[in-house]
Amino acid sequence: MATDHKTLQPLEFYKTFLDRKSRPDGRNLLEFRKVTVNAGSIGTADGSAIVKCGNTTVICGIKAEIAAPGMDEPSKGFIIPNVTLPPLCSSKIKSGPPGEAAQSATQFIAELVANNIILDLHNLCIHSTKWAWVLHCDLVCINLDGSLLDACVIALITALKNVTLPIVTYDEELDKLICDTDQKRPLEGIKQPVTSTFSLFENGILISDPTSEEEQLAAGLTSITMEGALVTHMYKPGGCTLDEKQVKKLIQQSELKAKEIVRLIEEVCLSSIAER
């Protein structure tokens, strides 16, 4: 009977849990799912990470190359993100060109990069007007069960912290690059933003870290990116509006999650460095 109710009236079925301040998976309304992080698992990448948030799993691999900087920003390098949602990650994802979810996630990460929320791109410059590092960051979701942006940001930051690059200098007299492949060093100045996604239902109930089903049933979504206690980005793709009290509540929850995720990333990256 419960299965029939869920199939025929999924929102009504879900509201029976919300009215009791609980969720079908047993979590409290503002409880986040368990996060696991692994760094350096892809040997062919310059930096990599695998992140699992509940059932949502994202792999990030980074490949570095050297190119001329842009004429409009001659002292900056590049971070080029690309989020891929293959059909295997969800029954709702079809084969073909990137869908709206993949494009939106890629654009979200690109905005964080453009606003220097991920890394100051000046740190990727080898020699102004001449050469800079280009980091191609491929994020592939192999299992999609909600809160995609949260998992992507964790995976990207962890992979960037796992990157090591050869020491490259520019000889002005010879007008050529000198690359020392025997010595490698990590990236500098990587920031530690953490994104938290919330679902809002029409009765004003807020939930943290929604699953795919919860995202579909909700009246709106909001993703808050924080670095420490500072809100660096807010993303709300339509839906119900939030009042000031609700926004403050979400920021408080985001700050708590950010502290825990930063601690986890640091532990994983230190362990990865020790194993090299």
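Bear in mind the structure is a predicted one, so any value in this text is a computation, not a measurement.
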Tell me which one of Leu148, Ile142, Leu144 satisfies side chain to side chain contact (heavy atoms under 4.5 Å, CB included) with Val58.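 So, applying the side chain to side chain contact (heavy atoms under 4.5 Å, CB included) to Val58 and each of Leu148, Ile142, Leu144, only Leu148 qualifies.
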
Side-chain contact test, heavy atoms from C-beta onward, threshold under 4.5 Å: evaluate it for [X] versus [Y] and give yes or no.
X: Thr169; Y: Leu177; value: no
X: Ile50; Y: Thr57; value: yes
X: Thr222; Y: Leu200; value: no
X: Leu124; Y: Val134; value: no
X: Arg185; Y: Thr164; value: no
X: Cys141; Y: Thr84; value: no
X: Phe32; Y: Ser196; value: yes
X: Asn123; Y: Leu119; value: yes

Trace of the side chain to side chain contact (heavy atoms under 4.5 Å, CB included) decision for Lys161 with Ile265: CA-CA 9 Å; Lys161 284 181 167 290; Ile265 292 175; 3.8 Å; yes

What distance separates [X] [atom1] from [Y] [atom2], expressed to the nearest 0.5 Å?
X: Leu121; Y: Asn116; atom1: CG; atom2: CG; answer: 5.5 Å
X: Asp120; Y: Glu188; atom1: CG; atom2: CD; answer: 11.5 Å
X: Leu165; Y: Gln183; atom1: CG; atom2: CD; answer: 13.5 Å
X: Glu31; Y: Asp209; atom1: CD; atom2: CG; answer: 9.5 Å
X: Lys52; Y: Asn143; atom1: NZ; atom2: CG; answer: 7.5 Å
X: Phe17; Y: Ser22; atom1: CZ; atom2: OG; answer: 6.0 Å

Report the C-alpha distance between Glu260 and Lys257 in whole Å, list the side-chain angles of each, state the deciding distance to 0.1 Å, and finish with yes or no for salt bridge (charged side-chain N to carboxylate O under 4.0 Å, His left out). CA-CA 5 Å; Glu260 179 62 24; Lys257 178 187 174 182; over 6 Å; no

Using modelled atom types only, decide if a donor and an acceptor are shared between the side chain of [X] and the backbone of [Y] within a distance under 3.5 Å.
X: Glu73; Y: Gly70; result: no
X: Lys176; Y: Glu173; result: no
X: Asn115; Y: Ile117; result: no
X: Glu267; Y: Leu264; result: no
X: Asp46; Y: Ala64; result: yes

Asp25: salt bridge (charged side-chain N to carboxylate O under 4.0 Å, His left out) partners, not counting sequence neighbours: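 Salt bridge (charged side-chain N to carboxylate O under 4.0 Å, His left out) check on Asp25 returns Arg27.
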
Does atom NZ (Lys249) have a neighbourhood of more than 12 heavy atoms from anything else shown, all under 6.0 Å? no

Is the count of non-hydrogen atoms from other residues, nucleotides or ligands lying under 6.0 Å from Glu65 atom CD greater than 12?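 Count over threshold, so yes.
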
Hey, quick one: are [X] and [Y] part of the same hydrophobic cluster, counting side-chain heavy atoms closer than 4.5 Å, chains of contacts allowed?
X: Phe198; Y: Val231; value: yes
X: Tyr235; Y: Val194; value: yes
X: Ile167; Y: Val163; value: no
X: Ile62; Y: Val140; value: no
X: Ile93; Y: Leu139; value: yes

Which atom of [X] lies closest to which atom of [Y], heavy atoms considered:
X: Cys60; Y: Ala159; answer: SG-CB, 3.7 Å
X: Cys53; Y: Ile154; answer: SG-CD1, 4.1 Å
X: Ser48; Y: Ala45; answer: CB-CB, 4.3 Å
X: Pro87; Y: Ser95; answer: CG-OG, 3.4 Å
X: Arg33; Y: Asn55; answer: NH1-N, 4.0 Å
X: Gly77; Y: Ala132; answer: CA-CB, 3.7 Å

Indicate whether any N or O donor in one side chain lies under 3.5 Å from an N or O acceptor in the other, for Thr56 and Asp145.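 No.
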
Any side-chain donor-acceptor pair under 3.5 Å between Ser147 and Thr197?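 There is no such pair between these side chains.
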
Working note: Val168 + Ile178, criterion side chain to side chain contact (heavy atoms under 4.5 Å, CB included); need CA distance, chi angles, decisive distance, verdict. CA-CA 6 Å; Val168 177; Ile178 300 174; over 6 Å; no

For residues 106-113, which side-chain donor-acceptor pairs fall under 3.5 Å, sequence neighbours excluded?
from   : atom 1 : to     : atom 2 : distance (Å)
Thr106 : OG1    : Val83  : N      : 2.9
Thr106 : OG1    : Ala102 : O      : 3.0
Glu111 : OE1    : His233 : NE2    : 3.1

Run the side chain to side chain donor-acceptor pair (under 3.5 Å) check on Thr195 and Thr225 step by step: do they pass? CA-CA 4 Å; Thr195 298; Thr225 301; 2.8 Å; yes

Dump the intermediate steps for side chain to side chain contact (heavy atoms under 4.5 Å, CB included) on Lys130 and Asp175, then the final yes or no. CA-CA 9 Å; Lys130 287 290 186 179; Asp175 189 26; 3.7 Å; yes

Applying side chain to side chain contact (heavy atoms under 4.5 Å, CB included) to Asn82 and Cys137, what does each step give before you reach the verdict? CA-CA 6 Å; Asn82 182 55; Cys137 305; over 6 Å; no

